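Structure, as structure tokens:
Residue numbers start at 1 and run along the sequence shown. Bear in mind that the values here come from a model prediction, so they are computed numbers and not experimental data.
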Amino acid sequence: MPLRDYISYWKEFIQGDYSSPRGCLYLKDWHLCRDFSAEGVFTLPVYFSSDWLNEYWDFLDVDDYRFIYMGPTGTWSPFHADIFRSFSWSVNICGRKKWLFFPPGQEEALRDCYGGLPYDVTTPALLDNHLHPKHQPCSPPLEVTQEAGEMVFVPSGWHHQVHNLDDTISINHNWVNGCNVANMWHFLQQELCAVQQEVSEWKDSMPDWHNHCQVIMRSCSGINFEEFYHFLKIIAKRRLLVLTKEAGPGKAEGSEGTGLGRQQATFDIGRIAEVLASVVVHPDFQRLDTSVFSPKPEDLLQQLEETVAAATSL
């Protein structure tokens, strides 16, 4: 739906006493920054400026994880945890939101007898002990009311559900950095295991079964082990430039826009090295054809570890 049509719908929805034959429609995941020249529309908060996820996709110039959400009173986002177990932040330009937060692990008590998570944690169906046998010990969610002009930070792995209490417009980013990249790697391992379990009965009869699992994983999750390595590689190379090139105080050619100094670059390289050390020994990563990777994962890991050791000795 074009934006102008959605705004016309929204006006009609309000004039119709917040009712429409088309239902209560929510404009979600609008890539304002990607689709238009949105520089200067807003400034990224300094606390969230180390943003590997959008740095990587900006470098590839194919996608981003910066979104605008807008909708009338009553629009909502169903129960979920954020993509790749990333962090996220959300700022209300106008309106109010009600957030229902569940700390990591608490969502397990909400699974139904088939292992599925609910679409709506406010549904009375959760009280059905036959359908949701684990719900009884579940603690109530952490409830937060977000006012206009306020920002909410969502940590990695916190499942949540969000309701617009007023007509609301918000800016939302997902991002990963050195503080949660290990969570992303853990999530990807879980995702691959889930795919492998689903198609396990064809393991012996399907040629190149392990590669098919990576393809399925990428279609479901948006990334697989190969792309995760390239993600780590791109961020690592940009941080190495900060440490090795002279392009102004604390910056380097090729690192424009990161706003990072030597201390932050060293921290990032150390976290990448820790995760990459786990990646290269993972049996499913070792099944990939890494002969075409440049640099080789083991060579990149050695370079990062040597850089960290040199920085530590200073």
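- A 4.5 Å side-chain heavy-atom check between Phe67 and His31 finds at least one atom pair inside the cut-off.
- Using cut-offs of 30° and 60° on the angle between ring planes, the pair His160 and Trp99 is tilted.
- Residues Leu304 and Ala273 come closest through the heavy atom pair CB-CB, 4.0 Å.
- Residues satisfying the ring pair (Phe, Tyr, Trp, His ring centres under 6.0 Å) criterion with Trp30, sequence neighbours excluded, are absent altogether.
- Residue Leu240 is grouped with residue Leu232 when hydrophobic side chains (ILVMFWY) are merged at heavy-atom distances under 4.5 angstrom, including chains of intermediate members.
- Aromatic pair Trp175/Phe87: ring centres closer than 6.0 Å.
- Annotation: Asp5, atom CG; neighbour count of heavy atoms from other residues, nucleotides and ligands within 6.0 Å is above 12.
- Residue-environment remark: CD (Glu198) stays at or below the threshold of 12 foreign heavy atoms within 6.0 Å.
- Ring pair Phe48/His173: centre-to-centre distance not below 6.0 Å.
- The aromatic rings of Trp57 and Tyr65 lie perpendicular to each other, with more than 60° between the two planes, well past the 30° mark.
- Centroid-to-centroid, the aromatic rings of Phe225 and Phe285 stay 6.0 Å apart or farther.
- Taking a cutoff of 4.0 Å between a charged side-chain nitrogen and a carboxylate oxygen, Asp284 and Arg287 qualify as a salt bridge.
- For an aromatic pair to be called close, the ring centres must be under 6.0 Å apart, and His230 with Tyr56 fails this.
- Under a cut-off of 6.0 angstrom, the local environment of OH in Tyr26 is crowded, with over 12 non-hydrogen atoms contributed by other residues, nucleotides or ligands.
- Taking a cutoff of 4.0 Å between a charged side-chain nitrogen and a carboxylate oxygen, Glu191 and Arg85 do not qualify as a salt bridge.
- For an aromatic pair to be called close, the ring centres must be under 6.0 Å apart, and Tyr9 with Phe13 satisfies this.
- Residues Phe102 and Phe79 bring their aromatic ring centres within 6.0 Å.
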